[in-house]
Each structure stands twice: as C-alpha cells, then as structure tokens.
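First the structure, in the form of structure tokens, and then the observations on it.
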Amino acid sequence: MIFKMLFRFIMLTLLSLLGLKASLAQVTNGDFEQVNENNKAIGWNFNNSDSANNFLAISKESPYAGNYSLKMVKKQERAMLIANTIVHIETDKTAKLRIKAMVKSSAEKIISNFYMQLFDGQKKRIGGDDGVIDLDPAKKGQWQEVDFSLMISPEVKRGVLFITLGNHDLEIDNITTEWVTGPADKQITAFAEEIIKLLKTNSMVSDSVNWEEVNKNLPAALVGTQYGKDDAFTVKHLLSYLRKEKDFHTFYYSPSDYKNLKAYAGKQGQGPIKTVYPTGKLLEDNVAYVVVPAFSSYNAEGIQDYADSLNAIIMNLQSKNPKGWIVDLSMNHGGNMYPMIAGLNALIPEGKVMSFVRKDGESSVYLKGGTFGNVKLTKVPKKEKDKKIAVFTSTRTASSGEMTSIALLNNPLAKSFGIQTAGFNSANATFPLSNGGAIALASALVKDPKNRVYIGPIEPTEKAHAKSFDDLIRDAKAWILEK
C-alpha cells in the first residue's frame, strides 16, 4: 500500500514537471488479491445486515483471475448487502470515467447496482452516480463484463465505490477504470436532443433547470458514446439535471424493459412479470396484519383481481373483529396505486384522497363507495371507524407505495412506523422514445386533503428504534393496544 501511494505521488510529480495533464482514477484493490491475515480484502468494507442467512466475503471458489473474487449471496429478503472501497481520482478537466468489472450470477435476473459517491479535497460530498448491473440471461453462470460511466469534474479528488445486492447471488472480480475518449456519433447526439426537448416541455421541474448549462456540458458528456450502446448513459446524464431540482422519480425504460412493460399491460398472465398478491393474517393479541405488495400492471382484469383480492382479505379479517390493523408497505416499490388504494377501501376515509398538481393545473381523485378512479370493488366493505392503523414504511416504499401510505394516513387513527420512504411520490406519464425505450416522467406533485404537498422522502410518524422486524411488529402492536 505504501509503495502504491509513493508510486502515484512520483508519477503525478513527473507529469507536472513535464507540463503534461494528469488524469488518474485508481480503484483500491479492485482485483481482491490483497488480503490480510484475517482473510479480509484490504481496502474494502463489507456490510452484511444478516450474516446468519447471507454471505458477503472474498472467495477462492471460482475467481475470474488470480486467487480471489468478491462473492455475495442473499437469502433473506429484507437484509442489505453492501461492499465499498475508495477510488483515488485526479483530473484537470471535466471528463467521463468508465468503471468496468467482471461479474457472474447463477440467477437469470439479479437486482444489483454500482454506485459512486464523489468528494472534493475537503472530503465534502459533491455528487455521485449509479449503474445497474445488467446481465445477459443466456450467459447465466458465466463471467460477463459490465460497466457504467459517470462525469468527473476537476473538483473531485476521491470517490467511494459501492456494490449492492438486492437478491440472489453475485460474484465480482477485476474492477478497473478508464477515461473515455473519442467523438460521439451523430445518432446519439440527435437522441440527446430529442430527450432535452421532451424534458423541457413536460418535466414538472423544467423551469428550474439551467438548460444553457445542459447544452454547454453535452459535448463532454457524449464523448465516446454510440447510439444503441450508450443510450442509457445519455438519458441518465440528462436526468441528473432533474435530480438536482429534487425530481428523483423520472426514470428510463430500456427498449427491452419497455417491451416487457407493454407485454405486462396486455392479456392477463401473458406478461413476463407475475403478480404477487396481498396476504393477511391475525397476529397474537388479535391484531390484523396485511401485506400490500407492489403491483405494476395496467391490465383491467389484473387490476380488478388485485383490488378484489386485497378487499377480500380485509373483509375476512374484519369478520374476526381485530383490535387494530397493521398495513405493511415496507417492501412496496410501487406501480399502479389504484388497485392498492381501492382494495384498502375499508381503512381509508370517503371523499378526496389526494390531488395532482401539474404545471397546467390541478386534479383530484376520490374514494366513493367501492370505487376509486376506474376501479370498482365487486363487494363494498364496511368502514373501520374506531380502530388504529399502523402503516409500515421503509426506503423501499416508493412511488405508488408512497401514494398508498398517504391515502391511509388520511385516516385520523393511522400512524406510520419504520423509516423514511424512497421519495418518489409524484405522478408519472410515460413517453416513448425513438430508440424503442421510454421515459416515465414525473409530471405532477401530490397534495393530500390537508393541502400538504409532498416533495422527497416521507418521514414516518413514529421513527423505528427497533433492531429487527419482529421488534417493529411489537412496537406497532403496543401502540394499537394502548388505551
């Protein structure tokens, strides 16, 4: 380690004396070959929140090269697996940096990301960017090269590279960096201009964006990019200007993802994404517990099935006269809020549920009888008017999951428990793109019946101090049962 630091100092000094420009980006122990006496990867930090059920460590089983690789295996859904290391950075001009790695998984589809936090010379965080680790299902179990790119300004002196795993298993080796050079092709430039026009016209934060700066920085951002290969990077770069204005909910569908989304909106059961239906049960102390999972389809039959299924669970639990309710939205990452809110009809007050505030005006949605929006329940439940409702939220509660929590908290007997939500609480409209993909653009803010406008993460009414999910259940039950 001392030799590497000395070598880096000598090289930068020589470049300076020769009058040459210096650009450096070096990942600490990116091949995992530097190991201490405790068999730990030097320079890396590992965070495994459930080591009894998950694995996060260096491994000798099947490295891509050398003796070691990083292996991550997740079996417990709520656990978080994160690995991070330092990236030393020097550049005298704004430039594009590409992070590359060799990756493999036994799963056809994984949920995993790279993320780089950027810091200046005073160790102040000044930005960051992420990239999805997207693998070819046809090469399941084989090593594949993945990469993501981000813009680096001269103020950046250090990065912290994070690798997260949301499901299944992942093995990583040979993490390297390179500065991207070469001209952008004409098609990718035209694609970028198409997106800029779309965002300027339709984004709810477009008036706050410095579009002169966007156009000025575009040539540097598009260096070395190619249409069809770097579309996602181009969109992400342009969406970063919306992020600066606190729009964290606009996102990009790749051509394949958008194709899957449209298939899922077709005939029920033919899409690639399968519906996960709500579940419910009666806990000890006679408290009803209902899990409301994400639901992303816009198929009419599927919407009706989900809403009626959730309503049937509520009505069945009502027949057992519970002392109170726990509605678990902690793993609900969103999709279509209408069947979720309709299915929870019994727990939400009649009347205005929320309003959508757009650039050109405001519109509201109402719960009337058994109807919410275009969803009409097959059976209308009775209202729960004297029972407390504990709503569970987390950073994975996003988009329509957050909308559902807002609707439930219209009930004066409801409180939310857990940690803050993801902050994706805006209404989106989907705009197809010329490359076959699409942008789901945040085009409206949400306002509740008390005229509170939601921007960013929603803080829970009762912040969780529990160390486990069982503790959270215990705390919610204690509140419900107190007199």
Under the 3.5 angstrom rule, does the side chain of [X] hit a backbone N or O of [Y] as a donor-acceptor pair?
{"X": "Ser203", "Y": "Lys200", "result": "no"}
{"X": "Asp230", "Y": "Gln226", "result": "yes"}
{"X": "Glu33", "Y": "Tyr68", "result": "yes"}
{"X": "Asn45", "Y": "Thr85", "result": "no"}
{"X": "Asn435", "Y": "Phe191", "result": "no"}
{"X": "Asn113", "Y": "Leu165", "result": "no"}
{"X": "Trp44", "Y": "Ala83", "result": "no"}
{"X": "Ser400", "Y": "Gly335", "result": "yes"}
{"X": "Glu90", "Y": "Lys157", "result": "no"}
{"X": "Asp231", "Y": "Thr234", "result": "no"}

What residues form a side-chain hydrogen bond (donor to acceptor under 3.5 Å, both in side chains) with Arg158, not counting sequence neighbours? none
Do Ser62 and Lys71 get their side chains close enough for a donor-acceptor pair, meaning under 3.5 Å?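 Looking only at side-chain atoms, Lys71 and Ser62 do not form any donor-acceptor pair under 3.5 Å.
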Exercise: do Tyr289 and Asp328 side chains pair donor with acceptor under 3.5 Å: yes
Is the number of heavy atoms from other residues, nucleotides or ligands under 6.0 Å of Lys244 NZ greater than 12?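 Atom NZ in Lys244 is packed in, count exceeds 12.
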Is the CD atom of Glu213 crowded by more than 12 outside heavy atoms at less than 6.0 Å?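 Yes, because the 6.0 Å sphere around CD of Glu213 holds more than 12 heavy atoms from other groups.
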So CG of Asn54 and CG of Leu81: to nearest 0.5 Å the spacing works out to 5.0 Å
